[in-house]
Protein chains: 4
Amino acid sequence: MMTSTGPAERRAGRPRDPGIDAAVLRATVKELESTGYQHLSLAVVAEQAGTTKPALYRRWPSKQQLVLDALSANLGELVTPLTECTLCDFVDGILIFLDAFHRMPPNVLAPLLADCDGDPELRAAFMRTLFDPPRAAVDRVITHALAQGDLRPDVDRSLVLDFLASFVYYRVLFQHESATMDEIESAVSVLLRGMATDFQRLLEIADVRRGNPAVHEHHMHLATAGA
Amino acid sequence: MMTSTGPAERRAGRPRDPGIDAAVLRATVKELESTGYQHLSLAVVAEQAGTTKPALYRRWPSKQQLVLDALSANLGELVTPLTECTLCDFVDGILIFLDAFHRMPPNVLAPLLADCDGDPELRAAFMRTLFDPPRAAVDRVITHALAQGDLRPDVDRSLVLDFLASFVYYRVLFQHESATMDEIESAVSVLLRGMATDFQRLLEIADVRRGNPAVHEHHMHLATAGA
Amino acid sequence: MMTSTGPAERRAGRPRDPGIDAAVLRATVKELESTGYQHLSLAVVAEQAGTTKPALYRRWPSKQQLVLDALSANLGELVTPLTECTLCDFVDGILIFLDAFHRMPPNVLAPLLADCDGDPELRAAFMRTLFDPPRAAVDRVITHALAQGDLRPDVDRSLVLDFLASFVYYRVLFQHESATMDEIESAVSVLLRGMATDFQRLLEIADVRRGNPAVHEHHMHLATAGA
Amino acid sequence: MMTSTGPAERRAGRPRDPGIDAAVLRATVKELESTGYQHLSLAVVAEQAGTTKPALYRRWPSKQQLVLDALSANLGELVTPLTECTLCDFVDGILIFLDAFHRMPPNVLAPLLADCDGDPELRAAFMRTLFDPPRAAVDRVITHALAQGDLRPDVDRSLVLDFLASFVYYRVLFQHESATMDEIESAVSVLLRGMATDFQRLLEIADVRRGNPAVHEHHMHLATAGA
DNA sequence: TGCTAAGCGAGACGGTACGTCCCGTCTTAAT
DNA sequence: ATTAAGACGGGACGTACCGTCTCGCTTAGCA
């Protein structure tokens with residue numbers, strides 16, 4: 001990824017043509033839109049940008065980094081005004097995640113993430129660039145709701161974030177579809193209100209069973225095996 | 001993907017050596033475990049299986065189909081006993097999804113799904129093979145809970161499934177981590193009980209705003225753009 | 001190659017369809033004419049003949065044998081009337097060799113021979129089928145000329161054959177061209193008359209040198225190395 | 001085929017590793033010697049040379065060209081000292097052709113030539129590389145003999161060349177055998193001296209027949225059909 | 001007449017070798 | 001010293017064709 005060179009740090013030798021940087025990023029987005037990530041050929045990107053492969057590799061260490069850079073420009077600002085209506089804010093939160101998806105070419109995010117697997121630095125870059133920004137935006141919503149006393153304080157805030165985010169990611173990644181406003185509102189309703197008819201009762205039944213905790217033992221290794 | 005030919009339908013020509021099928025599937029899983037999906041080489045798989053590439057291509061039209069077939073064997077049965085404790089059953093449901101993940105090599109699912117994008121048939125095969133089975137297993141849980149009257153009947157059952165599933169997928173795909181039993185129980189609690197302190201109040205506030213629906217207009221195109 | 005089954009030797013089982021033999025030979029010649037020997041595909045031949053590859057392999061053990069069989073039918077009779085004009089007969093002898101070439105598709109003989117190399121049996125079959133017949137025909141010419149006392153009796157008759165034959169083969173194989181009648185007559189003239197102005201003188205000079213035979217010693221291993 | 005680039009013509013890009021060129025040529029000759037041309041596998045050659053197939057295809061457009069290049073290196077210089085003994089020189093001429101054959105692996109020339117058929121460029125390359133050099137060497141012999149007045153000036157020099165060459169090629173290709181010195185000397189004797197007892201008489205008889213040229217008419221199309 | 005054996009069309013088989021694509025790197029001449 | 005340019009070495013791909021095999025059926029002679 002490109003890091004700013006700070007205070008005009010002058011280097012010897014022929015200076016880089018900054019037009020190439022821009023042209024390559026432009027060509028990358030264009031190719032991503034038409035070809036997707038998987039079959040994206042850097043040779044083609046270079047040609048589209050009117051330059052050559054080595055010029056690309058001089059600027060970005062890998063296809064992944066290049067694509068991350070190209071996409072991050074597309075992401076832009078992700079904010080939503082906070083209101084007194086927590087339900088509305090939650091809906092807006094989900095819409096922020098959706099928006100983040102829709103701002104970039106389809107068939108890119110998932111293979112890119114897959115391609116970043118294995119290299120921790122790349123994963124971190126992916127997270128920093130594409131994963132965290134919408135989360136940060138939605139985190140404001142949760143903070144606001146908590147401050148207003150609309151959420152039970154014993155609920156872990158990252159759990160709330162996970163529910164809001166995962167709902168969107170799941171639908172987009174696995175079902176290739178967005179959500180209608182109705183579905184989104186239903187989801188928010190359920191999250192806020194819960195889906196049980198009588199939670200207390202369920203809890204009591206569970207507590208009874210927990211008197212004999214053996215039943216759950218076999219789950220422990222499953223739940224923690226991958227941690 | 002290899003589909004059973006049904007009622008012993010006899011075909012002309014030399015029959016396939018079923019030993020090669022088995023050896024290739026075995027070698028594929030082995031290679032997936034050591035190499036991952038991305039850099040899986042069919043030539044290496046063939047060699048490991050003691051056969052050749054054309055024998056592979058005769059059986060599976062693509063790397064994706066081969067891997068799907070190889071993984072589906074690993075998936076096996078995914079069931080959980082139903083109890084009277086809906087809370088416990090929900091926890092078990094989440095554990096089913098987790099289990100499904102842990103039964104297969106890491107760094108395979110995401111790139112495979114990414115690689116299936118674009119070809120609808122492949123996507124469908126992925127869904128049928130790896131996505132639907134745990135969902136079907138968990139669906140039993142929800143049916144049971146509904147039958148017992150533990151869930152509000154107005155809650156869409158596929159929404160419940162999505163919440164349970166997405167929580168797991170999100171964690172595994174993006175955070176590379178499983179969940180502890182405590183986290184899982186918290187998640188289930190929140191889903192069943194809801195996270196709001198006073199949902200009725202939130203709903204009333206929202207209803208007031210809906211008198212002026214203009215504020216939400218700008219969301220509409222976001223929410224439905226990808227549908 | 002097909003060997004006659006002798007005296008109506010009856011075998012059990014379903015008899016071969018003789019129509020297939022004929023159809024395959026026909027298709028082979030046709031394919032040889034359009035495709036040449038090198039890229040001749042037995043699968044295509046089988047299809048052209050309205051049958052299948054195994055039926056071919058049941059009849060001929062190899063592509064080479066099949067082609068030999070197919071060509072031998074094309075060769076037919078190769079004879080020329082003997083006259084009292086030895087010069088004319090020699091010309092006719094060369095024409096016999098040329099005729100033999102022209103009776104079969106181009107781009108077949110050389111690769112077929114090359115393909116028969118290595119297997120002595122195949123080579124022998126090639127010789128028997130395509131090489132010997134024209135030689136036998138021309139041998140009559142030489143016998144006749146010797147009987148008439150037109151050739152010096154100390155000249156090896158196989159050497160004469162070789163000269164007549166090699167002249168043709170060389171031009172056809174390496175120069176892809178036939179010979180005009182003028183060229184053929186020139187060649188015959190030279191063979192019969194010799195190309196030296198004064199052979200006796202040349203012989204004497206050579207005999208002088210042979211007094212010091214050392215000069216030729218280094219040739220011996222060359223001349224006999226491949227024998 | 002690799003042609004020298006002439007006057008140190010500098011090209012952009014990474015220069016070829018000349019070690020690979022050499023190693024491949026070496027491996028090719030080695031494989032030709034053990035395997036022959038027909039079953040020569042470029043993958044094996046590449047492996048033997050410690051490189052890969054694409055590196056081969058970058059250098060030579062086809063198996064044929066590669067083999068031509070590999071063999072041409074083996075051919076080396078083909079010359080013979082000219083003496084005053086024309087008979088000896090002719091023997092040496094034949095030995096040059098024989099030598100050219102013996103300098104390269106068996107079972108290569110014929111299938112290679114066969115494989116070059118059809119592509120005029122390849123044929124030309126074959127001729128240039130393997131066919132012409134020994135001819136050129138022997139041409140010197142004929143020029144010398146003519147200059148010394150040992151050959152009748154009305155004899156076409158290319159006819160002489162053809163006789164010397166074809167004798168060797170025929171023997172090697174079709175009879176898989178070299179010639180003894182005695183056979184070679186006999187052949188040269190016959191060529192120089194002629195094989196007729198009384199050529200003048202034969203010519204007269206022929207001239208008589210030519211008064212009725214009809215007898216030869218049917219040959220005309222045979223002799224020129226392939227021209 | 002029923003049995004046995006071989007050939008039949010059909011089609012896929014196991015496997016060799018092919019020729020190509022694309023990656024990421026290196027070397028050159030120019031700036 | 002660093003660029004633009006271009007070819008490089010190499011891993012993997014997906015295919016064409018080979019010669020063989022297995023099937024279910026047909027056709028005959030033998031019993």
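Numbered from 1 within each chain, the chains take letters A, B, ... in sequence-line order.
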Just to confirm, is there a sub-4.0 Å distance from OP1 or OP2 of E:dG14 to any side-chain nitrogen or oxygen of B:Arg58? yes

Any idea which of F:dG19, E:dG19, F:dA5 is nearest the D:Tyr57 side chain? E:dG19

Closest-nucleotide mapping onto DNA chain F: is A:Ile20 or B:Val44 further toward the 5' terminus? I mean the 5' end. A:Ile20

For A:Lys63 and for C:Ala55, find the nucleotide of DNA chain E with the closest heavy atom, then tell me which residue's nucleotide is more 5'. C:Ala55

Specify the residue among D:Gly50 and C:Ser62 whose closest nucleotide of DNA chain F lies further upstream toward the 5′ end. D:Gly50

Describe the nucleic acid contact of C:Leu56 in one word from base, sugar-phosphate, nothing, applying a heavy-atom distance below 4.0 Å. nothing

Measure from the side-chain heavy atoms of D:Pro54 and tell me the nearest of E:dG24, E:dC18, F:dG11. F:dG11

Is there a donor on the side chain of B:Lys53 or the base of E:dG15 sitting less than 3.5 Å from an acceptor on the other? no

What is the distance, rounded to the nearest whole Å, between atom NE2 of B:His39 and atom C1' of F:dG11? 12 Å

Could you tell me the separation between the CZ atom of C:Arg14 and the P atom of E:dC8, rounded to a whole number of Å? 7 Å

Please determine, for the side chain of C:Thr52, which listed nucleotide (E:dA10, E:dC23, F:dC13) has the closest atom? E:dA10

NZ or CZ of D:Lys63 within 45° of D:Tyr37 ring axis and under 6.0 Å: yes

Between E:dC8, F:dC13, F:dG9, which one does the side chain of C:Arg59 approach most closely? E:dC8

When you look at A:Arg59 and A:Asp21, which way does the salt bridge (charged side-chain N to carboxylate O under 4.0 Å, His left out) test go after all the steps? CA-CA 8 Å; A:Arg59 291 164 168 80; A:Asp21 291 75; 3.0 Å; yes

Report the distance from atom CD of A:Gln38 to atom C1' of E:dC22, rounded to the nearest whole Å. 15 Å

Could you state the interatomic distance from CG (B:Asn107) to NE2 (B:His39), rounded to the nearest 0.5 Å? 9.5 Å

Among E:dT16, F:dC17, F:dG9, which is the nearest nucleotide to the side chain of C:Ser41? F:dC17

Both D:Leu40 and C:Thr51 contact DNA chain E. Which one's nearest nucleotide lies toward the 5' end? C:Thr51

